[in-house]
Structures are given as C-alpha cells and as structure tokens.
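One structure below.
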Amino acid sequence: MPDKPTLDGLEDRWAQVWDEGAVYAFDRSKSREQVFSIDTPPPTVSGSLHVGHVFSYTQTDTVARFQRMRGREVFYPMGWDDNGLPTERRVQNYFGVRCDPALPYDPAYEPPAEPGKQQVPISRRNFIELCERLTVTDEQAFEAMWRRLGLSVDWSMTYQTIDANARAISQRAFLRNLARGEAYMSEAPTLWDVTFRTAVAQAELEDRERPGAYHQLVFRGPGGQDLPIATTRPELLPACVALVAHPDDARYQPLFGQSATTPVFGVQVPVVAHRLADPEKGTGIAMVCTFGDVTDVTWWRELQLATRPVIGWDGRFVPEPPPGVDGAAARAAYAELAGATPVTARERIVARLREAGEMLGDPRPITHPVKFFEKGDKPLEIVTTRQWYIRNGGRDEKLRTALLDEGALLQWVPPHMRVRYDNWVSGLNGDWLVSRQRFFGVPVPVWYPLDDAGNPVYDQPLIPAGGQLPVDPSTDVPGGYEPGQRGVPGGFAGDPDVLDTWATSSLTPQIAGRWSYDEDLFKRVFPMDIRPQAHEIIRTWLFSTLLRSHYEHGEVPWRSAAISGWILDPDRKKMSKSKGNVVTPTDLLVDYGSDAVRYWAASARPGTDTAYDIGQMKVGRKLAIKLLNASKFVLGFGEPAAGATVTEPIDKAMLAELAATITAATKWLEELDYARALELAESFFWSFCDNYVELVKDRAYGETPVPGIASARVSLRLALSAIVRLFAPFLPFVTEEVWSWWHDGTVHRAPWPSVAELGPATEDADPAVLAVASEVIAAIRKAKSAARVSMRTEVASVRVTGPAARLEQLARADGDLRAAGRAAAIDRVEAAGGDLQVAVAL
RNA sequence: GGGCCGUUAGCUCAGUUUGGCUAGAGCGCCUCCCUGACACGGAGGAGGUCACAGGUUCAAGUCCUGUACGGCCCACCA
C-alpha cells in the first residue's frame, strides 16, 4: 500500500495486467445459461472515436463487468465496421486509387507511394485489400483507446465486417435467403443517388427541406380547354405519362378515361383517377412522370401507365427522347434537354413554356421536403434498375405482423424506444433493397450464365458451393466454368454489385458468434442477452438484425435492446464532427483519468441524452481519490483479530444500510439501470465516510481501552470490501488498485457483494442508531462552524431533547458520539414530539 | 402532417410508473476549519411560484386536457 496513493498511471498498469492475465477472456466451455452475451456495436472505422462512443460503450461495460462478477461468463467481443462507403472514400483519397470491378486481380499490386492526381484504377479484390490495410491502423488506435477506457472486452475475439469470415457469413446468409425465396432479384424503379451512382434503400433516406417552386403548366383538355397543372419539376414534362386526380373530385370526374395533351411535347396522356391524388394540392390534378417521386411509382404501377424515363444513372437527361415523344417539334424540344442536369433542364423548359404561353404566371416559391441519400448531397432520382431485395414485410402483412410481435418480445431500455421500431416496421413501403453499385462491400455471391448472344440469364444465377465462400464473382469463377469464359457468349458474368453494408451488419450476432463455422460456440452465445445501440439506427441495424434472425433462426436475436442516448454540447445540439464541436476522448482520459470519464458516462440514465459535462468528470475523479484514501485508512488498521465479530449497534446499523444498498444496486444493474446502482453506491459511500467513519474513528484506533475496538475494525473491512466491489463496474482502475493492496486476484472476477457476506450483524441491526448519531454529530458540527472554530474544539455540553425511543437509540452510540464530537458528556432529556432538539454549548 | 422524449436551484440532473410531511443531490457560489485516510480535504450556509393555462382530488412536481418552447423519429417531393 503506497504512502501517497495516486490515480496517475493506473490505466496503463492495470490494462497491461488484465491483458497478460487474460482477465476478460471468454471461457467457451460454459453453457448458454452460464453465459452473458453482448452483441457489441462495431464502431465505424472511418476516422476517430468521439465522446459519444466513450459514453455509450462505458454504459455497456458497466453491465458486462457486473454480470461477470455475478458469475456469468461474459461474451463481449468487439467488431470494427469497416465495410462501406466511408472507408471506400478514405481509401480512394489515401492511396489515390479507384475501384474498377472489370479489372483482373493483381496479387503483386502495390499502390503508389504518394497519391497521384489521377486515381489509378484497380480490381475490386485489390481495392478491398487496400481497404483492409488502411483500416488496420485505425483499428489499432481504436483498440488502444478502448483498453485505456477499460472496456472489459475479450480482445482475442475481434472481427471486421469486411474480414473473410464476415464476408463468408454474409454471403452464406444471403444465399440461404435466396434458396428459401426470401431474397429475389427484380428490375424496378429505384431510388438512385446520382453522385455515388448507386441504388439506396428506404432505411438510408432522409428528407431535407429544400426550396422549390410551383410552376403552373397548361395542358390541353380533351375538348381543347386549358387544364392547368401545378408541378415543382416542370423539366419532367417529357416523362409525363398521365394526369391523375382524386376519384371524388367533381372538377375532374368528367375527364376520367379521356386524354389530355402535354404542352411543348404534344403527347397524348390519359386522365386517370387515384385515391392518392390530393384535391387540396396544386390544382388538384397532378402530372404523373416516370419518375418524379415515389408517388409517381405507385401511380405508374397501380394504374399500369406507360414508361418514359428521361433521367440516366448519372442524373442527367438521357440523349434520346423517351418513347411517345416522337413528333418533330417534340424531338427538337427534347434535344434542348438531352445531357442536361435537372436544374439546367428546368430553366430551359420554363423558358420554352413561357415563350409558348403555356405557363401561367410566375413560379410560386415553396419549401418542401426532398428525399436524399443520408450520405449524399444531391436529391435522389428514380431510375429503373435490376436489384436484389430481401423481403422485409413491407409488402407482406403476415411477415410485418410477425416482426412487430418479435419486437414486442424484446426488453426495450428505455421502453418507449419500442415505438420507434413499431413506427418503422409499420411504415415500410417496400422490400429491402440490398444490392449497391459500389465496391468495398461484400460482393453479391452469384454469377449469371451468358446466353448465345452474350446476355446474362438473370433468372438462373450460378451459386457458389458452401466451401467456396467467401467469393468475389469479379475474380472467382463459378463451378463448371473456366476463367476464359468470363464475359463471352455461352460463358458467365459475375454480379458486379456488393451488398448493402447493413446486409452484413445485420449479422453481427452470427459473425461474433461464428455461426456456420463454429456451431459449438454459436449455441453457447446465441440468442444474445443484450444489444446496446443508438436510437437513430433502430430502423437499420436493429430492425435488419431482427429480420435476418427471424429468417435464419426463427427467434429474436437478443433478450434486451439497450438504447443509448446522445451527447449534447452545451447548446443542446448533438455533438458531431461536422459541427466541429467534438472533443477528443483521448485528451479527456488523460486529463481526468479513465475512471472519472466513466463515472460521467455511467451517471447518465439509460437512453437519456446527456450534456457534455466536465464537472461530472471532476466529481468522478474526486470519488476515485476518495476511494484510495478511505481504503488506505481502513486497511491501515491491519488484519482484524481472528474470530472478531460485529458487536456494536452503530456498526450493525452501518452494515444494515450497506446491505440495503447492495440489494437495491443489484436489482438496478440486473435491469440494466447502471446509473441508479452507481448513485446508490456513491451515496452510501459518502455517508459512510462523512458520518460512520468519523463516528467510529476513535474507537477503531483503540488508543483508549473501550469495548468494540475489534467490532469497528471488522465492520470497516467488511464495508470497504463490499464498497470496492460495488464500484468495480464503474471505476475499474481505482478499484483494482485498491483491491490489490489486500488481495491477490483481480477484483473484476471477485464475487459481486452480497448481503450474506456481511454476516449475522445485519439481522438484528437498528439502522436508526446510525441515523440519530449522524443527526447529533451534524448539530455539533454546525455549532462549531457557526462559532468559526476548529472541529477539534472541545464541547462544554450537549443536551439532546426528544422522545424516549430516539434517546435510547442515541444512547447506543454514546461513546462514539462523545469521541467524535469532543464532548465529555451528552445529556438526554425526554420530551414529547418527534424531532430531536440538540443544544450545544462550546 | 403523424408520433416519441423533455422543460424542477446559476449549471448538470434525481424525484412523475403507484398523488401524501417543509421538493432533493452534486457542481458552482458565500463563510469557516491545515482535525493523526484524504487541503486532490473537511464543516456549515444561501439559493426553487417544479415551462404556462385549465381540470380531477381532502391533497398535484406527480393524474387528465390544452398551449408554448427544445430535441428526436417517421411521413406519398404534384
């Protein structure tokens, strides 16, 4: 035990000891009932960790540590989510390369030492290798920070969402979905990001308010009459395939079944009725284009309208006019738009409409929500492409109900987060689009045979054998074919796409649990006990994991979903990199110490957004230091004599209070409410130091021959032991340090404190003895404080007036009270009334 | 447009599920104390019309209705 205990250096020292002793290693011989398994969120490896990570991962770690001390074998792996667009972009910039899946793999490839101006095209497999190379460095930095923070992860069980096992599992799960009919391919209008040139899924959308303007276009009705139509996208006029109004709209009922003529292009389009047309919007009749928005898609599909696509994959108008736009004037008008962006096309078409007098008035500016890819900065377009989907209940009422029912089986912490899930599942409007036209992801594991004309036969995909996984169809060859047959008639072609990052992330329980290649491990950890995650990815990660588990295992993948809150900066905004208000977590850990930062994180109620608050970290640091000093004090009395027992009423009272604290803290931690458990432990500890220790100090020193010396020393030790373990999940470093002063093993594998270990003393305890003594000592302190004298000052007299029962309790702490208050005697005067009156004369 | 969460001391938050003494804690602030675990400490003190308006009740921070403000999630862009 050091003379001057300090927090400095504890992190490095104990992190190393834990690592060398494999303190957090998972013992895979344990059965599922003995295991507590955590489906850890794999942080995105595309930069650095921020305070929000420290916050939420600490909260999970407190639960992991608690369960471990309770005797559960904790399965606590860590993954790195390095699969996806953010990494892809970094690799392009870092190495100066770009992925071209048409290129062959070069096993000897080395990137340029310095990125050049022109990005070098390389094969997908080479690109993935560079991604893996770059992310390794980041992952090491992440791991170092997690270790310093004290996460009790088994570091031998890390995974990457792009590593070979993850790719194999992702592909295997996809192929099993395909075999069971849960995955399918379809050519259909798709939300399309023109910057990244990829399809995106509903879960990746966000609405952004954007300025727009209603333009009133004059169509020609069947009788030649004017038919004004309001639209925010006049440039899509050549894509117009119908006009639609509500069936009950008397203004337009006479037109249903007839035709109207588009301005400028002179195309005849049907006037049709549909319930989604809103009589209140615009002129009550809308033009349907292929495709301006998702409502257009609905109308197009349900009303079986013509198809006149004008926007290409690059987001520009295609060179040739769509079918139906074939008059000479129409072709000439379209030629002005060909190759243009929608913005340019809009200006041109508006000019032409004005010229022809076919626009009414000026555009009326509005603000309206526009759909964006969450990572993109241009509005999404809708183009028709061939894509892979996984059925998710968006078009299947039975499946949707089943998924809602499974969501209800989860224990949601906090409970109201379930609403987010229910809303999302109820609002699904289509199946899950899982293919992406990107590169750094898990390849869609199929090839297609090529017919005699060299066209892919999409409905007869070639499937890899199970042992072949993971495959990259752009470099690997399907069974029965030769490499030379790639791309030639009668040969084969690989699917060029990758799977959505969530199509792999949705399998983290399977990846961490090594499903399909280590079934023995998987059955010991699955379904998992807890899924900790943030609320904004309930619609993606949580939902898709539940869906995949539903298909693959027919059950919910976890018992509990612990939804963490966000860190807010002092302006109540979410902390984020883009706002430039992110604090580097490493600096915090160095400045305040890991335990202090953990204390701040663990003080926040589960699921609650929390202000970034240095003040709380300072409090945590103070607590850790107090723990050092209190331990030094208690342990300074040495080992209690053999057979020493707790005999004094005040000692019993303290232990009874401790017992109540243990019981309540245990209950809260079992319910994942680490914050309440911490609050209880803390509150007990401060009262223990300020009241109990001060009261019994003199007796414990034993310099005067009073009874109960041994009782005080035994009680102090019993209490300290339990206190250190109560704090161990929250302050792993300082508790380990203190524990090491009088124990050999680690505190983090020591048993969680119990009421039983406190012995029989708590059974006949009267907790009021300590409460009354604390009240009287406080009154004595108050008198000294008011008189501005030292607490050591001798007191002339103390007279306590109150009911007999309370005086009797007071009498049982008389010796300790006189010693602590420096009072020769404490007079007790019986009187009616509930409260004690304490008169102190100095 | 629909939904969820929040609004309590200068600050950060408990307390609301199940209504019940004079609404709590910590930080900060003020005053004091170098006492043999700790001055990286200790003692004491000041500080709140519980966002607002109604309602239910013997009794409302707590239950009901509405409003405002803050935040979040979702939503078919005419």
Side-chain angles (χ1 to χ4, degrees), chain A residues 4-7 205-210 212 214-215 217 229-233 236 243-245 276-278 281-289 292-299 366 368-371 379-380 414-424 426-427 429 535-536 538-539 565-566 568 570 572-574 600 603-605 607-616 618-619 621-637 675-676 679 682-683 686 689-690 693-694 697-698 701 703 777-778 780-793 822 834:
Chain A
K4 272 271 174 195
T6 171
L7 299 177
L205 303 182
E206 63 184 36
D207 284 357
R208 298 185 195 159
E209 287 293 327
R210 282 293 180 272
Y214 276 139
H215 299 68
L217 278 46
I229 305 283
T231 178
T232 54
R233 298 202 64 183
L236 293 181
L243 297 182
V244 64
L276 286 182
D278 183 352
K281 278 191 181 172
T283 56
I285 184 165
M287 69 172 190
V288 183
C289 303
D293 62 34
V294 294
T295 315
D296 280 345
V297 178
T298 306
W299 282 327
I366 54 158
H368 62 163
V370 178
K371 286 204 182 308
L380 292 172
H416 65 79
M417 288 297 179
R418 187 184 140 199
V419 177
R420 304 264 177 117
Y421 175 83
D422 289 349
N423 285 348
W424 175 252
S426 306
N429 56 27
H535 51 69
E536 78 273 19
I538 289 174
R539 68 174 179 171
W566 278 347
L568 308 174
R572 305 264 88 186
K573 300 279 189 249
K574 185 194 175 189
W600 159 72
S603 299
R605 292 288 179 287
T608 308
D609 291 349
T610 301
Y612 170 72
D613 187 1
I614 286 173
Q616 278 296 100
K618 290 181 175 165
V619 174
R621 186 172 176 84
K622 209 174 113 172
L623 174 64
I625 291 170
K626 192 76 172 177
L627 212 44
L628 287 176
N629 288 312
S631 300
K632 186 184 155 207
F633 170 74
V634 171
L635 297 176
F637 293 112
R676 281 178 205 275
E679 191 180 38
E682 192 188 5
S683 145
W686 285 113
C689 290
D690 295 344
V693 167
E694 293 301 329
K697 200 179 233 179
D698 274 48
Y701 278 123
E703 283 166 4
I777 193 75
I780 295 172
R781 286 168 181 158
K782 186 170 176 173
K784 292 178 179 177
S785 193
R788 304 187 160 197
V789 296
S790 158
M791 291 296 146
R792 280 193 308 183
T793 310
R822 313 256 169 183

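Residue contacts for Ala786(A): at a heavy-atom cut-off of 4.0 Å it reaches no nucleic acid atom on any strand shown. Residue Thr232(A) is classed as a sugar-phosphate contact, given heavy-atom separations below 4.0 Å to backbone atoms only. Within the 4.0 angstrom heavy-atom criterion, base atoms lie near Ala277(A). Asp296(A) comes within 4.0 angstrom of nothing in the nucleic acid, heavy atoms only. Residue Glu206(A) is classed as having no contact, given no heavy-atom separation below 4.0 Å to the nucleic acid. Among the protein residues, Lys618(A) comes within range of no part of the nucleic acid, since none of its heavy atoms lies under 4.0 Å from any strand. At a threshold of 4.0 angstrom between heavy atoms, the contacts of Trp600(A) with the nucleic acid are absent. Across all strands shown, Cys289(A) has no heavy atoms under 4.0 Å from either base or sugar-phosphate atoms. As judged by a 4.0 angstrom heavy-atom cut-off over every strand, Arg539(A) is placed among residues touching the sugar-phosphate backbone only. Counting non-hydrogen atoms under 4.0 angstrom, Lys626(A) reaches a base of the nucleic acid. Using a 4.0 Å heavy-atom cutoff across all strands shown, Arg822(A) reaches at least one base atom of the nucleic acid. Within the nucleic acid shown, Ile780(A) has no heavy atom closer than 4.0 Å to any nucleic acid atom. Among the protein residues, Asp207(A) comes within range of the nucleic acid bases, having at least one heavy atom under 4.0 Å from a base atom.
Figure legend. G41(B) is base-paired to C33(B); pairs are counted as Watson-Crick or G-U wobble with both atom distances under 3.5 Å. Under the Watson-Crick or G-U wobble criterion, with both distances below 3.5 Å, C4(B) is paired with G71(B). As the counterpart of C52(B), G66(B) is assigned, both hydrogen-bonding distances of the Watson-Crick or G-U wobble pattern falling under 3.5 Å. Pair assignment for C21(B): none, as no Watson-Crick or G-U wobble contacts are both less than 3.5 Å.
Nearest to the side-chain atoms of Arg676(A) among the listed nucleotides A14(B), C77(B), C73(B) stands A14(B). Distances from the side chain of Lys371(A) to the nucleotides G36(B), C77(B), U31(B) place C77(B) closest. When the nucleotides G45(B), A14(B), C72(B) are ranked by their closest atom to the side chain of Arg605(A), A14(B) comes out on top. Minimum atom distance to the side chain of Met791(A) is reached by U35(B), of the listed G26(B), C77(B), U35(B). The side chain of Trp566(A) sits closest to C73(B) out of C77(B), C73(B), G36(B). When each of A43(B), C13(B), C77(B) is scored by its nearest atom to the side-chain atoms of Ala611(A), the top-ranked nucleotide is C13(B). Here G41(B) is the nucleotide among G41(B), G71(B), C76(B) with the atom lying nearest to any side-chain atom of Lys622(A). Listed nucleotides: G44(B), C77(B), U35(B). Nearest to the side chain of Arg792(A): U35(B).
A donor-acceptor pair under 3.5 Å is formed between the side chain of Ser631(A) and the backbone N or O of Leu627(A). A donor-acceptor pair is defined here as one N or O able to donate and one able to accept, closer than 3.5 Å; no such pair exists between the side chain of Thr6(A) and the backbone of Lys4(A). For Trp600(A) (side chain) and Gln616(A) (main-chain N/O), no donor-acceptor pair under 3.5 Å exists by modelled atom type. The backbone N or O of Thr793(A) sits less than 3.5 Å from a side-chain atom of Lys784(A), completing a donor-acceptor pair.
Nearest heavy-atom pair across Ile229(A) and Thr283(A) is CA-OG1, 3.7 Å. Residues Arg822(A) and Arg792(A) approach most closely at CD-O, 3.3 Å, considering heavy atoms. Residues Phe633(A) and Lys697(A) come closest through the heavy atom pair CZ-CG, 3.8 Å. Minimum heavy-atom separation, Arg539(A) to Leu205(A): NH2-O, 2.8 Å.
Comment: Glu679(A) engages Arg605(A) in a salt bridge, judged by a side-chain N to carboxylate O separation of less than 4.0 angstrom.
Nearest-nucleotide positions on RNA chain B for Asn629(A) and Pro5(A) put Asn629(A) closer to the 5' end. Position along RNA chain B of the nearest nucleotide to Glu679(A) versus Glu694(A) favours Glu679(A) as the more 5'-ward residue.
The interatomic distance linking Leu628(A) (CG) with A39(B) (P) rounds to 12 Å, in whole Å. Glu209(A) has its CD atom 10 Å from the P atom of C77(B), to the nearest Å. The distance between atom CG of Asp613(A) and atom C1' of G26(B), rounded to the nearest whole Å, is 10 Å. Atom CD in Glu682(A) sits roughly 9 Å away from atom P in G26(B) (whole-Å rounding). Put simply, CH2 on Trp424(A) is 12 Å from P on C73(B), counting in whole angstrom units. With rounding to whole Å, Leu205(A) atom CG is found 10 Å from C74(B) atom P. Atom pair Lys782(A):NZ and G42(B):C1' shows a separation of 17 Å (rounding to whole Å applied).
Rounded to the nearest Å, the gap between the C1' atom of G6(B) and that of G28(B) is 24 Å. The C1' atoms of G15(B) and U8(B) are separated by 9 Å, rounded to the nearest whole Å. When the P atom is compared between C74(B) and G66(B), the two are found 25 Å apart, to the nearest whole Å. Taking atom P in both G45(B) and G26(B), the straight-line distance is 12 Å, to the nearest Å. Rounded to whole Å, the C1' atom of U31(B) lies 10 Å from the corresponding atom of A46(B). Of the C1' atoms belonging to A9(B) and G61(B), the separation is 14 Å, rounded to the nearest Å. The separation of A60(B) from A43(B), taken at their C1' atoms, amounts to 37 Å, rounded to a whole angstrom. Separating the C1' atom of G47(B) from that of C52(B) is a span of 23 Å, rounded to the nearest Å.
Contact annotation: Lys4(A) reaches the phosphate of A39(B) (side-chain N/O to OP1 or OP2, under 4.0 Å).
Cation-pi geometry between Lys281(A) and Tyr214(A) is not satisfied (NZ or CZ under 6.0 Å from the ring centre, within 45° of the ring normal).
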Sugar-phosphate atoms are those with a prime plus P, OP1 and OP2; base atoms are the rest. Using that split, label each nucleotide of nucleotides 3-10 of chain B B, S or - for protein heavy atoms under 4.0 Å, 5' to 3'.
-> SSS-----
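A tilted orientation is assigned to the rings of His535(A) and Trp566(A), their planes being inclined by 30° to 60°.
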